[in-house]
Number of protein chains: 2
Amino acid sequence: MTDSNDKPLSSSQRAVHELRQMILTGQLAAGTDHLESELAAHLGMSRTPVREAALLLESKGLLEMRPRKGVRILPVSPDDMREIYDVLTELESLAAQRAAEAGYGPKDLTLLTESLHRMEQALEKDDLEAWAEGDEMFHSELVRLGGNKRLQDIVSMMIDQVRRARSSTLFMRPKPLKSNEDHRVVLQAIRDGDADLARSRHHQHRQQAKDVIISLLEKHRLRQL
Amino acid sequence: MTDSNDKPLSSSQRAVHELRQMILTGQLAAGTDHLESELAAHLGMSRTPVREAALLLESKGLLEMRPRKGVRILPVSPDDMREIYDVLTELESLAAQRAAEAGYGPKDLTLLTESLHRMEQALEKDDLEAWAEGDEMFHSELVRLGGNKRLQDIVSMMIDQVRRARSSTLFMRPKPLKSNEDHRVVLQAIRDGDADLARSRHHQHRQQAKDVIISLLEKHRLRQL
DNA sequence: GCATTCATTTGCGTATACATTAAGGAATGC
DNA sequence: GCATTCCTTAATGTATACGCAAATGAATGC
């Protein structure tokens, strides 16, 4: 395992990546406790790098460390989702505004355009998983285009926190036709340099996504994901 | 040193607090490097808790850890300030909106009212430091009233990042009469449940603060604070 | 004098040992 | 049977030791 400079990752960094993945996929299920020693054995390293990794993931809101009970994977409740989506919505909308103000040319918007294309193709094939990938690509690229690294990091952190809930509800939600339409409008607004439209349409989009996912969680009594 | 449950803080937690304080006050100056061993000696503990503390503070954007060069205290540039203020402005404005929507009674708003009173008294005495304390209290309480814990944590993180720059420029800026006026309007809007006004006035307030501080930094060639 | 090589030093990341203390279970008393 | 006390176990937080690799300085060759 290497990082972007082809240097092998330290054990601690590897532990971060693998624990994060296990949390996001639900392999380490919400609400479960795991001793440091157990995780260390599983990852094939000593407790020290595992502890470092867990401390970091704790600061990103994915788990909590409780002495003598171990590492608890934090569940996400509908109220948590409200909090997270509020933060996400504000920050992504600002990114959309900034992207529209930035005066990007067509080349700059290649990935954003491609992600939209992917989503459209996925919906034609009723492939919701491919659609979700395109959606993630769109949002991630949009935030990158907003040009604020701190904002990007915070959004990433929030996205991680809602990952399991989004995956769990992917097949329960209506076909995301409206999402694709919103994405198209946001992209066009960015092309046109229309910051107000980019911002408000994206805000509305995220707000609706929040309402949809929360009502699904409540309807299906999914209290701790 | 104890936490809120009167349990003694672990060495690692103490290291977090003390290093953070040293960074915020400039005792550990921006741009300087410090070996883990050096910090450990200074704090009177082994390297392990210092390393854990430094990793946490790195994730909060206050420092970076560079192998063999040690812990580098991250300077803050005018561009950093732009990023930070953008995030702050969006999130605090949302908090103001939510506070106004929440229907708080006069008792709930005691601390917010008191902080305003302190700022006004401080300005009558030309005591800018007391004013800054009141200002911090106002903003912190406003965000708490917004009721989103994640938002609160992010704002705290951003505030820490701009702390030195704000302290350094406190006596360079115009007398903050407009600030006090803005705070009054925001508080009244919250009392009245006027979410739009609370949000927009606060947004404008933070936007202006951003402009003021950045122009001060640039005017005085303060590139790395 | 400059470039290269080699040896030494040192800082980091990790593994391991240790001290502390919380938790659980067993024994005792009412 | 339940509450209390005592003892044992085990998990954590920390200190220390160790291996690795990067950095530095000295020696050598051209």
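Note that the coordinates shown come from a computational prediction; the quantities given were computed from them, not determined experimentally. Basis for what follows: all heavy atoms, side chains included, without hydrogens, waters or symmetry-related copies. Proteins come first, then strands; the chains are lettered A, B, ... in the order of their sequence lines, and each starts at number 1.
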In whole angstrom, what separates [X]'s [atom1] from [N]'s [atom2]?
{"X": "B/Glu52", "N": "C/dC12", "atom1": "CD", "atom2": "C1'", "answer": "15 Å"}
{"X": "B/Glu36", "N": "D/dA15", "atom1": "CD", "atom2": "P", "answer": "13 Å"}
{"X": "A/Lys69", "N": "C/dT21", "atom1": "NZ", "atom2": "P", "answer": "19 Å"}
{"X": "A/Gln13", "N": "C/dT14", "atom1": "CD", "atom2": "C1'", "answer": "13 Å"}
{"X": "A/Arg72", "N": "D/dT12", "atom1": "CZ", "atom2": "P", "answer": "15 Å"}
{"X": "B/Leu35", "N": "C/dG13", "atom1": "CG", "atom2": "P", "answer": "12 Å"}
{"X": "A/His34", "N": "D/dA11", "atom1": "NE2", "atom2": "C1'", "answer": "16 Å"}
{"X": "B/Leu43", "N": "D/dT14", "atom1": "CG", "atom2": "P", "answer": "12 Å"}

- Quick one: sort the A/His183 and A/Phe138 rings into parallel, tilted or perpendicular, breaks at 30° and 60°.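 Judged by the thresholds at 30° and 60°, the geometry between A/His183 and A/Phe138 is tilted.
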
- B/Ser10 near the nucleic acid: base, sugar-phosphate alone, or nothing, with a heavy-atom cut-off under 4.0 Å?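 Since only primed, P, OP1 and OP2 atoms lie under 4.0 Å of B/Ser10, the category is sugar-phosphate.
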
- Query: Contact class for B/Ser11 (heavy atom, under 4.0 Å): base, sugar-phosphate, or nothing?
  - Reply: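 Contact class for B/Ser11: sugar-phosphate only.
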
- Message: Heavy atoms from C-beta onward define the side chain here; which of C/dG13, D/dA15, D/dG13 lies closest to that of B/Arg51?
- Response: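 Looking only at heavy atoms from C-beta outward on B/Arg51, the closest nucleotide is C/dG13.
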
- Which of the following nucleotides, C/dC12, C/dG11, D/dA15, is nearest to the side chain of B/Met45?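 It is D/dA15.
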
- Would you mind telling me which residue lines up with the more 5' stretch of DNA chain C, A/Arg68 or A/Thr48, judged by nearest nucleotide?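 Per heavy-atom nearest nucleotide, the more 5' residue is A/Thr48.
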
- Between A/His34 and A/Arg72, do the side chains contain an N or O donor and an N or O acceptor separated by less than 3.5 Å?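 Per modelled atom types, A/His34 and A/Arg72 side chains form no pair under 3.5 Å.
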
- B/Asp153 versus B/Ser156, side-chain donor and acceptor atoms under 3.5 Å: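 Judged by distance alone, the side chains do not pair up.
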
- Please evaluate the base of C/dG13 for a donor-acceptor partner in the side chain of B/Arg47 within a cut-off of under 3.5 Å?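 In this structure, the two groups form a donor-acceptor pair.
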
- Is A/Ser140 reaching over with its side chain to a backbone N or O of A/Met137, donor-acceptor style, under 3.5 angstrom?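 Flag not set: sc A/Ser140 to bb A/Met137 has no pair under 3.5 Å.
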
- Query: Quick one: does A/Asp33's side chain have a donor or acceptor within less than 3.5 Å of a partner on A/Gly70's backbone?
  - Reply: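 Not confirmed, A/Asp33 side chain does not pair with A/Gly70 backbone.
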
